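Please read all numbers here as calculations on a predicted model, not as lab measurements. Note that these values count all heavy atoms, side chains included, but never hydrogens, waters or copies made by symmetry. In what follows, residues are counted from 1 in the order of the sequence shown.
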Amino acid sequence: MSNSTGSSAFGQTLQFITSTKLQELEKQRLGYQEHAKVLQKADACGDNLVEKAELLLESVKSWPGSGSVDDRDSVSGKLNLANLRLWLPQAKQDPNFDRDILRSWIDTLEAHIRHSLMRFDGAKLFDSNSDKTDGGVEKAGRQEMHDQLARLDSIIFEDAGVNIEALESYLHDLFSTEEATKAIRDLRASMKSLEDSLKKETFTTRKVEVIVQGVLASDLMDESKRKTLNEILSNPTVLEELASVLTMRMASLDAWSWPAEGITVEMRRHLSGKYRAFTDPDIIDALLLHHLGISWQVKLKAAFLRILDSKAWTRPRPVENYKKISQQLSNPGQCSIDTLRQQQQRVFFLNQLSSSKRFSNQPTYDENRLDAVSTDNHQNPVAIKQKLLQIMATEALLNTTLHGSHAVVRSDLEWFGPSLPHQSILTVLEFFGVSKEWISFFRRFLRAPLRFKSDLPGQVRTRIRGTPFSYPLSSVCGEVILFVMDFAVNQKANGLFLYRLHDDLWLWDADPEKCVAGWKEMNVYANLVGLKFNASKTGSTCVGPAKPAELPEGDIRWGFLYFDPSKTRFVIDQEQVDTHIIELRRQLSATKSVFGWVNAYNKYMGFFVRNFGGRPAPCFGNAHLTDIISTLARIKQELFPNIQRGAVAYLRSVVETRFGIKDLPQGYFHLPISRGGLELRHPMIEMFALTQSFDDEEGQSFEALAKQDKQKYKDLKDYWDDPRTTFLGKEGSFMSLDEFISLRESWLSEWRHRYEYMMTIKGLALVHETPVVASYLSQARTKCTWSELDWYEKWLVSLYGEEVVKRFGSWEVVDASLIPVGMVQLFRTSRMKLDQ
């Protein structure tokens, strides 16, 4: 199958549709310019207002193109044309007819014609941009790419020299307890079950659809192959053929290998400045490897979760005197901070592995991905990262309040994917029960023949270290290695949980010595499997007591944040922001079109907000929300130091210079593309809408709740001691105050509720509809109601609606049927490339 043929046809079809729309647009624009000369004829009518009104009415009614109106329509929501036809004879014959009414009709009709002219000019802007939508690409290569390519070259073709015997001995010792041995026995049985089922597997068209959708959700394929895959989804015949081919490939998996001519490696830059080496496989190979990777992910995750739930996993000791406490508190203790922690840990446990074949996790460990989207969905990579920060910030406040200390360690593994030794991967897989047949397959997958663009013609080299980037099977290899680290920390640090997003590693506890033990074991294991921690991303800190010397040096950092122990919260690193302001300015200057500029600006501003932690929860504090707002304002000021009103003023000047369109209202630039605007995002709006949610910060703190515990204890004790109250089997005295306080994390629901509150992202302030705004929405050609708008659109129409309608006559600036929205939307949603 030629994947270029289908994608080429798709592109040609879309280009044809776009070209046809633009030709029609230009034809109508020129036609309306001629049609609008009626304004000059109307002026020539002088004081003959009736003749002027008749002339304008006929002009408005006779236009057959976009924006046409008939007798059933009202102009500007004021003047019904059928009514006007009835009234004009009266105005013509009645000597007492009020001339002010005539002038009002004339003004309305003239405004309609001028607004139509303006809307055609606005649509012309799409014509001038549709073939130049570059997305903010700076074409020139950088020295960083060459440096990192050289570093990658020095890693993946170099043997790591792992001591296999020492690693096998470590694994046998780590899983040597009775419960761990049983867990490993069950795991090996699961591996055999998976292998047996894969041997007999056949593919259906529905299964192929799911696989294609999974590949599309990854970063694996280039744009041309992504278009081909989208076309495959709508072609039942091709789906059936693919199902047949994949079934045959699976049956002969023993013979599978990468193409002998090798697979090309493409370096793609991320905003961190780091490049990642992507391969561009054949579509059939991509689908087969994706399916195998997800199958192994699902089975391994289920098996590892059983170990997490087993007695082999060390967890907090259960509360003593359960029956007594349950009776005295009239509460079974199921709504506690400890139970919530266990639920949260399951979210982060092996998060890179899919739980279902119908859902394949996207890579979550790259905090610098530009196109990431922040949502409230906990399966969303950005939301999961933000949740991790919220938990850590909340735990810092809780531990400081209850125990007077909080220790935290953060690190990641240097060049983790590219540096993973194949010997380590295969040794751990074999220990977990993977058969020799599948070990051979994994070895062939890992030992990929590669071609770099800088290599000599025909030069192919086989990698002997690291995993191919963005394949589900690569996640299997990485997570299998790191699961052992998870288990080792749990066993050696008295139940400490290693919070992990792939190789982004976090430890924290009220007891610094537990973090010391966990960090020590992480180093022991990393050395055994041939991995190194990234010194630039490794750090630790302690709130309260002095930091133990055994913990690593460096700050706790994430995105553009670092944890300030003196404030017990994350703060923004303004120096990092400065670096990325320079980078954003560089990328914006490389754009070729207005839409390309807007696309780059929007994605970078979203990137800034995500790396500030996103919409802050109360655990970050009101001060952090203020910092975000002031930093976003500073970014805008420094991007446009000589331009007041920043991005809008800059775009306004560009549009005036390139297209001769003057005095565009601010709302036009923020308006969605679907309504004819440029869709420039305003990242500060949501932050402004959150400020009212942080008013009672002190009253909702853990300290405030701790002060209430004595009264809560007294009320419960008095109720227990009251001879008029009866409890089934009541006996003995009520627990002591110290006993009660010791249950804050393990039992008391009030503390659980306060803990959850600290991590809850507040809802945005309501924007209320007004009658005027309702009229804007109802009079637009594409009508909608207030409830159909999302929060951001409600803010826009409420704030900017009046000026947009005054300039264009409608909240819908351009007739959507005349602009190449498909081309612009495709451009906007395609992967954004940076400085390749």
Side-chain angles (χ1 to χ4, degrees), residues 24-124 661-665 675-676 770-783 801-818:
E24 179 63 22
L25 164 65
E26 183 64 5
K27 178 182 175 182
Q28 291 203 29
R29 188 181 74 87
L30 295 174
Y32 201 83
Q33 283 183 348
E34 190 67 27
H35 193 78
K37 289 181 179 178
V38 71
L39 295 173
Q40 299 168 14
K41 296 178 183 178
D43 285 341
C45 293
D47 290 336
N48 191 337
L49 300 185
V50 172
E51 182 182 356
K52 183 180 289 190
E54 288 177 329
L55 187 64
L56 293 170
L57 172 61
E58 185 57 32
S59 174
V60 169
K61 277 186 55 60
S62 63
W63 172 249
S66 172
S68 62
V69 293
D70 59 30
D71 282 346
R72 295 168 297 176
D73 296 323
S74 295
V75 174
S76 302
K78 303 176 184 177
L79 188 60
N80 181 275
L81 298 187
N83 290 343
L84 182 56
R85 280 188 176 279
L86 291 174
W87 296 332
L88 276 173
Q90 179 185 351
K92 198 171 189 177
Q93 300 295 327
D94 185 351
N96 296 320
F97 195 86
D98 191 336
R99 291 174 63 83
D100 286 340
I101 294 177
L102 271 167
R103 291 190 185 95
S104 172
W105 294 343
I106 291 167
D107 289 345
T108 299
L109 294 170
E110 287 182 337
H112 172 78
I113 294 170
R114 291 194 176 94
H115 287 149
S116 296
L117 276 172
M118 192 66 202
R119 286 196 291 273
F120 275 113
D121 283 341
K124 176 66 176 174
I661 305 174
K662 299 182 179 181
D663 303 323
L664 286 169
R675 294 190 180 274
T770 64
V772 172
V773 167
S775 71
Y776 298 158
L777 300 177
S778 64
Q779 291 167 22
R781 184 169 291 270
T782 308
K783 295 178 175 59
E802 182 178 358
E803 61 172 8
V804 170
V805 172
K806 183 178 180 180
R807 187 76 165 94
F808 294 97
S810 170
W811 175 241
E812 188 176 66
V813 171
V814 177
D815 183 350
S817 66
L818 281 182

Report the residues that fulfil ring pair (Phe, Tyr, Trp, His ring centres under 6.0 Å) with Tyr32, sequence neighbours left out, ordered by chain and then residue number.
His35, Trp63, Phe120
Smallest separation among heavy atoms of Ile113 and Ser59, with atom names:
CD1-OG, 4.2 Å
Shortest non-hydrogen separation from Trp105 to Phe97 and the atoms involved:
CH2-CZ, 3.6 Å
Rounded to the nearest 0.5 Å, how far does [atom2] of [Y] lie from [atom1] of [X]?
X	Y	atom1	atom2	answer
Leu84	Leu88	CG	CG	4.5 Å
Glu802	Thr770	CD	OG1	9.5 Å
Lys92	Leu102	NZ	CG	12.0 Å
Lys78	Leu109	NZ	CG	11.0 Å
Lys806	His115	NZ	NE2	9.5 Å
Lys662	Leu664	NZ	CG	12.0 Å

What pairs of donor and acceptor atoms, side-chain ones from residues 40-57 against any protein atom, are under 3.5 angstrom apart with sequence neighbours left out?
residue : atom : partner : partner atom : Å
Asn48   : OD1  : Glu51   : N            : 3.1
Asn48   : ND2  : Glu51   : OE1          : 2.9

Heavy-atom donor-acceptor pair, Thr108 side chain to Ser104 backbone, under 3.5 Å:
yes
Please check: side-chain N/O of Arg807 versus main-chain N/O of Met118, any donor-acceptor pairing under 3.5 Å?
no
Would you check if Arg103 and Asp100 make a side-chain contact, meaning some heavy-atom pair closer than 4.5 Å?
yes
